[in-house]
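Worksheet: one structure, shown below.
Heads up: numbering here begins at 1 and tracks the sequence.
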Amino acid sequence: MIEWLKHLRSAFGASFIWLVCLIYFTQGFRSFVWTAVSYQLKDRLKLSPSASQFVTSIAFFPWSIKPIYGILSDCIPIKGRKRIPYLVIATLLSLFPWVIIGLQETIRNSRDQLMIFLLLQNLGSAMADVVIDAMIAEAARLEKARFAGDLQSVSWMAMALGGICGSLLGGYALTNFQMEDIFLVFAILPTVQLLSCVFVNESSENSKPSQNLSTSNGSNGSISDEDKSLINVHQTNALRRNKSSKQKKKRKINRSNDQMPETDGSFLSQLIQSLKTAGYTLFKAFRQPIIFRPMAWFFLAQVTMPNLQTVMFYYQTEVLNLEASFLGTARVVGWIGLMVGTFIYNRFLKKMKLRRILMFAHVALALLTLLDIVLVIRLNVSLGISDKTMMLFGSAISDAINQFKFMPFLILSGHLCPPGIEGTLFALFMSINNLGATISGFLGAGLASVLNISSGSFDNLSFGIAIQVICTFLPVGFLFLIPEEATGISA
């Protein structure tokens with residue numbers, strides 16, 4: 001382990017490895033502060049479950065537009081650099097909302113103002129996630145992709161460690177700290193992240209807008225087939241260069257214009273053209289049936305299932321009287337279940353047809369959701385099973401099953417991305433998944449409102465969960481959108 005880290009440090013530099021680990025650790029550690037946000041919405045603002053779910057869904061919307069951040073950082077360098085300036089901006093957006101929320105009681109106790117600052121904070125976190133993925137891709141490319149998998153492993157381990165630590169400490173902090181202090185304590189991590197940006201070097205590039213999408217958001221570092229074909233075309237067309245004298249004159253004029261400081265219109269037109277090219281390239285790739293159909297299924301799998309997670313949080317804390325420290329422990333068990341699910345998938349399921357895996361995952365999720373009904377109608381008590389045992393078991397198994405569903409999404413996304421725009425298109429896939437989760441949250445909020453489920457009134461909760469169980473089976477009817485022969489190792 002130590003030797004492996006030494007190899008990574010010699011290949012990429014200690015400051016870069018530190019920055020990658022810190023950002024991903026912070027992403028996982030967000031459970032520390034978002035536990036406090038959940039209690040702030042419930043106990044301080046006295047929001048209903050549906051209203052709390054609505055606020056949370058709005059706050060997490062920036063994760064649904066991740067390709068925009070990648071396209072901007074690719075096309076609009078800041079002082080010749082594409083990554084570190086955007087990472088600094090993202091870190092500032094991640095930092096100051098927590099500081100302001102922690103210091104300003106009026107903002108903390110206003111639903112709309114709190115929602116705006118949470119939205120800004122997620123904007124910074126999502127942008128940082130995109131930028132660091134792009135930096136990892138570029139670093140791996142310079143190293144001939146030898147350590148690309150190692151970098152991803154480091155980032156995964158850092159995020160998992162952050163998630164476990166954040167879940168454990170989040171409950172303890174709520175018991176021993178004031179709510180506003182938790183927000184301020186979490187702000188330490190973005191502060192360290194901001195200072196760490198200073199020690200990472202990035203080579204300066206031409207400040208003109210770029211149309212290159214290949215490294216945005218985590219593409220691999222190998223030369224694509226399209227790049228090779230362009231090289232061959234360039235070599236075979238060498239005899240035709242004598243016909244390009246007029247084009248050379250135009251290039252000279254353009255070069256002279258680029259050197260003039262007052263060519264704002266030219267820069268703006270190039271910027272618009274770069275953004276148009278990026279958008280068109282993504283649209284052209286995404287509209288292909290081999291890409292569009294599977295992504296449509298994963299989107300439908302999200303939006304057809306109303307998310308009642310916030311409602312269950314209210315029920316667990318108000319009716320079952322579960323402490324914040326125990327809920328944190330349940331999340332840790334969930335992280336462990338997620339890692340176990342990843343191992344099981346890679347060890348036993350990756351050669352299975354994806355249609356079968358996804359069908360199994362949804363059937364299993366439906367059965368696990370029935371455990372929530374058992375918990376709500378108190379059947380577990382009559383069977384001698386404690387609420388905490390039900391919670392821990394359900395958290396571990398559900399996160400493992402969800403990983404069976406998420407791993408095929410990652411595999412298909414990786415296989416379907418055409419060469420040259422892998423990173424940006426992959427970010428688009430992730431954004432579609434996140435957008436589906438956001439819409440699912442809105443549907444859950446709407447369902448809770450229709451059923452009149454509110455704080456202290458959970459009479460219809462079992463009926464809402466039953467609807468959720470039925471909806472879990474709906475995506476199975478659309479599995480024809482998944483390629484029939486796709487498995488865990490081929491698409």
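The closest side-chain heavy-atom distance from I132 to M135 is below 4.5 Å. Side-chain atoms of S167 and T329, non-hydrogen and from C-beta on, never get closer than 4.5 Å to each other. Between F29 and L189, some side-chain heavy-atom pair lies under the 4.5 Å cut-off. A heavy-atom distance below 4.5 Å is found between the side chains of L327 and F313. Annotation: side chain of F61 is not in contact with side chain of L123 (no heavy-atom distance under 4.5 Å). In this structure, the side chains of P97 and L118 stay at 4.5 Å or more apart for every pair of heavy atoms. With a 4.5 Å cut-off on side-chain heavy atoms, V37 and F183 count as touching. Looking only at side-chain heavy atoms (C-beta outward), Q53 and L308 stay at 4.5 Å or farther from each other.
In this structure, E323 places its CD atom where more than 12 heavy-atom neighbours from other residues, nucleotides or ligands lie under 6.0 Å away. Within 6.0 Å of atom CG in N201, 12 or fewer heavy atoms from other residues, nucleotides or ligands are found, so the atom counts as exposed in its surroundings.
Shown here for Q288 and K284, the closest heavy-atom pair between the two residues is CG-O, 3.7 Å. The two residues A36 and I182 have their closest heavy-atom pair at CB-CG2, 3.8 Å. The two atoms that bring Y69 and V130 nearest to each other are CD1-CG2, 4.0 Å, heavy atoms only. Counting all heavy atoms, side chain and backbone alike, A160 lies closest to M339 at CB-SD, 4.3 Å. The two residues L338 and W156 have their closest heavy-atom pair at CD2-CH2, 2.9 Å. Counting all heavy atoms, side chain and backbone alike, A448 lies closest to S50 at CB-CB, 4.0 Å.
Each salt bridge (Lys or Arg N to Asp or Glu O under 4.0 Å) pair with one or both residues in residues 26-42, not counting sequence neighbours, would appear here, but there are none.
Distance OG/S398 to CD/Q403: 11.5 Å, rounded to 0.5 Å. The structure places CG of N380 at 5.0 Å from CE of M390, a figure rounded to the nearest 0.5 Å. Between atom NZ of residue K405 and atom CG of residue L354 there is a gap of 13.5 Å, rounded to the nearest 0.5 Å. To the nearest 0.5 angstrom, Y314 atom OH is 6.5 Å from S455 atom OG. Note that CD1 of I164 and CG of L169 are 11.5 Å apart. Values are rounded to the nearest 0.5 Å. We find the CG-CG distance between L481 and L300 to be 7.0 Å, quoted to the nearest 0.5 Å.
A donor-acceptor contact shorter than 3.5 Å links the side chain of N460 to the backbone of L451. Of the possible donor and acceptor atoms, one in the side chain of Y86 sits under 3.5 Å from a partner among the backbone N and O of L72. Proximity of a side-chain donor or acceptor of T389 to a complementary backbone N or O of I385 within less than 3.5 Å is not detected. With hydrogens and angles disregarded, a donor-acceptor distance shorter than 3.5 Å links the side chain of R293 to the backbone of F480. Formation of a donor-acceptor pair under 3.5 Å by the S395 side chain with backbone atoms of L392 is not found in this model. Panel note: side chain S52, backbone S48; no donor-acceptor pair is recorded below 3.5 Å.
For F404, the ring pair (Phe, Tyr, Trp, His ring centres under 6.0 Å) test picks out no residue, with sequence neighbours left out. Evaluation of the ring pair (Phe, Tyr, Trp, His ring centres under 6.0 Å) rule for F326 yields no partner, not counting sequence neighbours. Not a single salt bridge (Lys or Arg N to Asp or Glu O under 4.0 Å) links E318 to another residue, sequence neighbours left out. Contacts of T56 classified as side-chain hydrogen bond (donor to acceptor under 3.5 Å, both in side chains), with partners at least two apart in sequence or in another chain: none.
With hydrogens and angles left out, the side-chain atoms of S73 and R83 include a donor and acceptor closer than 3.5 Å. T472 and Q468 form no side-chain donor-acceptor contact under 3.5 Å, judged by distance and modelled atom types alone. Between the side chains of S196 and W18, a donor-acceptor pair is found at a separation under 3.5 Å. Under the 3.5 Å distance criterion, with hydrogens and angles disregarded, no donor-acceptor pair is assigned to the side chains of S38 and T35. No side-chain N or O of W335 forms a donor-acceptor pair with one of D399 less than 3.5 Å apart.
Ring to ring, F54 and F442 are close: their centroids are under 6.0 angstrom apart. Under the 6.0 Å cut-off for aromatic ring centres, F186 and W34 do not qualify, their centroids lying 6.0 Å or more apart. A distance of 6.0 Å or more separates the ring centres of F299 and F429. Aromatic rings of F478 and W297 (six-membered ring for Trp) have centroids beyond the 6.0 Å cut-off, not under it.
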### Task
Mind running side-chain contact (heavy atoms from CB on, under 4.5 Å) on Q121 and W98 for me, showing each step along the way?
CA-CA 8 Å; Q121 194 282 324; W98 293 126; 3.1 Å; yes
### Message
As a quick check of understanding, evaluate side-chain contact (heavy atoms from CB on, under 4.5 Å) for M391 and V333, giving each step before the final call.
### Response
CA-CA 10 Å; M391 282 282 299; V333 173; over 6 Å; no
Could you list the donor-acceptor pairs under 3.5 angstrom formed by side chains in residues 366-379, with sequence neighbours left out?
| unit_1 | atom_1 | unit_2 | atom_2 | d |
| --- | --- | --- | --- | --- |
| T369 | OG1 | L365 | O | 2.7 |
| R378 | NH1 | L375 | O | 3.1 |
| R378 | NH1 | D387 | OD1 | 3.0 |
| R378 | NH2 | D387 | OD1 | 3.2 |
| R378 | NH2 | D387 | OD2 | 2.9 |

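The only member of N307, N433, T438 that meets side chain to side chain donor-acceptor pair (under 3.5 Å) when paired with Q302 is N433.
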